[in-house]
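Accompanying notes for the structure given below.
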Amino acid sequence: MQMTRKVVETRDGLPFLISGSGTLGWDQVAANLVEPGENVLVLQTGYFGAGFADCIKVYGGKPKVLKAPYGSHIGLEEIEVALRTKKYKAITITHVDTSTGVLSDVKAIAATVRRTSPDTLVVVDGVCSVGSEELKMDAWRLDVVTTASQKGLGVPPGLCILVASPRAIEVFEARKTPVTTYFASWGKWMPVMRAYDNKTAAYFATPPVNLIRAYHASLSEITKLSPSLDERYRIHKQVSRRVKALADQLGLSLVPKDTAYAANGMTAIYLPDGLVASDVVPRMASKGITIAAGLGDAKDKYIRIGHMGTSVVDAERGDIDRIAKSLQASLNEAKNAKKAVVEETP
Ligand SMILES: Cc1ncc(COP(=O)(O)O)c(C=O)c1O
């Protein structure tokens with residue numbers, strides 16, 4: 001519990017460590033903090049923002065989606081205008097939308113919300129950012145940070161990690177309507193998490209003890225003094241610049257239109273004309289490197305490379321060099337294979 005607080009930089013936030021994937025964080029927010037009919041401003045910078053809006057609707061909330069043009073972020077003025085137009089119970093920000101690799105400026109957005117609409121809860125989907133992007137829950141006055149085990153925290157998938165501010169807990173406790181989820185109910189989980197805090201046991205549903213052990217091992221690494229969290233973020237930025245420069249050298253463009261708003265723990269790269277993701281992803285796999293195709297409407301046109309956690313912090317592994325070499329080789333092989341097909345066609 002204490003190390004979870006450390007990694008999102010909060011003193012009094014209450015962690016909820018629950019068996020489930022990152023999506024369970026959306027359910028917790030939508031079911032516990034939003035009451036039926038309440039408005040939620042959803043910032044959509046890709047596929048995952050749309051998913052969050054969908055989830056809010058399922059529990060009766062009314063999401064208003066501000067959708068960024070593909071590969072772009074949402075400007076602060078647009079957010080401010082929206083907040084002045086209507087009363088919103090919460091705003092959701094996808095810190096890094098893993099589908100596009102767009103990074104949102106959570107610090108600036110949270111400050112805008114606090115200034116324009118102080119009662120609006122600031123909710124951050126940090127599934128693709130916690131551990132790899134700077135995120136300071138207390139200093140930036142965030143109400144919820146939700147994430148999952150499998151990305152920057154370097155643990156197998158299956159553990160949902162959500163931290164709620166004391167203000168978010170107060171809002172939950174002041175609900176007028178009953179919560180319409182069983183497994184994701186904070187009412188059920190709060191006594192368990194408070195017991196964990198007091199180093200005692202409590203039961204609501206079986207915890208994923210195997211994942212908790214792995215999570216404990218990983219957080220022990222991440223929260224140790226050296227490299228510090230700030231140093232980790234700096235290393236992620238440095239490696240990210242290297243991967244983005246590699247794309248540039250290969251003549252490829254990035255999905256994020258502005259590198260100032262591009263994630264540091266992953267890179268989404270458009271493929272050259274004539275190639276699709278399935279030409280490259282299996283070739284990388286055959287060299288021992290797992291990357292992903294795109295996600296959403298343009299999914300075949302680009303690839304996504306993760307560079308977070310141990311891969312970047314432990315430079316001796318040489319992971320980034322191997323990615324660079326394999327990517328170059330895979331693109332050449334794919335281009336040559338296409339050329340051969342064209343030449344063979346009568
Ligand atoms: C930003 C973001 N939010 C939410 C999710 C959903 O998490 P999960 O697939 O673990 O349910 C993901 C998954 O990659 C994600 O990247």
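Whatever order the structure lists ligands and atoms in, that order sets their numbers, starting from 1. Along the sequence shown, residues carry numbers from 1.
- Each ring-ring contact (aromatic ring centres under 6.0 Å, His included) pair with one or both residues in residues 154-185, not counting sequence neighbours, appears once here: Phe172-Trp186, Tyr182-Phe204, Phe183-Trp189.
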Exercise answer, ligand 1 polar atom pairs (N/O) under 3.5 angstrom:
from     : atom 1 : to     : atom 2 : distance (Å)
ligand 1 : 3 (N)  : Asp125 : OD1    : 3.3
ligand 1 : 3 (N)  : Asp125 : OD2    : 2.7
ligand 1 : 10 (O) : Gly22  : N      : 2.8
ligand 1 : 10 (O) : Gln150 : NE2    : 2.8
ligand 1 : 11 (O) : Ser21  : OG     : 2.5
ligand 1 : 11 (O) : Gly22  : N      : 3.2
ligand 1 : 11 (O) : Thr23  : N      : 2.9
ligand 1 : 11 (O) : Thr23  : OG1    : 2.5
ligand 1 : 14 (O) : Lys151 : NZ     : 2.6
ligand 1 : 16 (O) : Thr98  : OG1    : 2.3

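- Classification of Asp319 and Arg322 as a salt-bridged pair holds, one side-chain N sitting under 4.0 Å from a carboxylate O.
- Of the charged side-chain nitrogens involved, none lies within less than 4.0 Å of a carboxylate oxygen, so that Arg167 and Asp12 do not count as a salt-bridged pair.
- Across all non-hydrogen atoms, the minimal contact from Ala268 to Pro256 is O-CD, 3.9 Å.
- Sorted by first then second residue, the ring-ring contact (aromatic ring centres under 6.0 Å, His included) pairs that include residues 124-162, not counting sequence neighbours, number zero.
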Sequence neighbours left out, cut at 3.5 Å: what donor-acceptor pairs do the side chains of residues 55-81 make with other protein atoms?
from  : atom 1 : to     : atom 2 : distance (Å)
Tyr59 : OH     : Asp27  : OD2    : 2.3
Tyr70 : OH     : Tyr302 : OH     : 3.4
Glu80 : OE2    : Arg84  : NH2    : 2.9

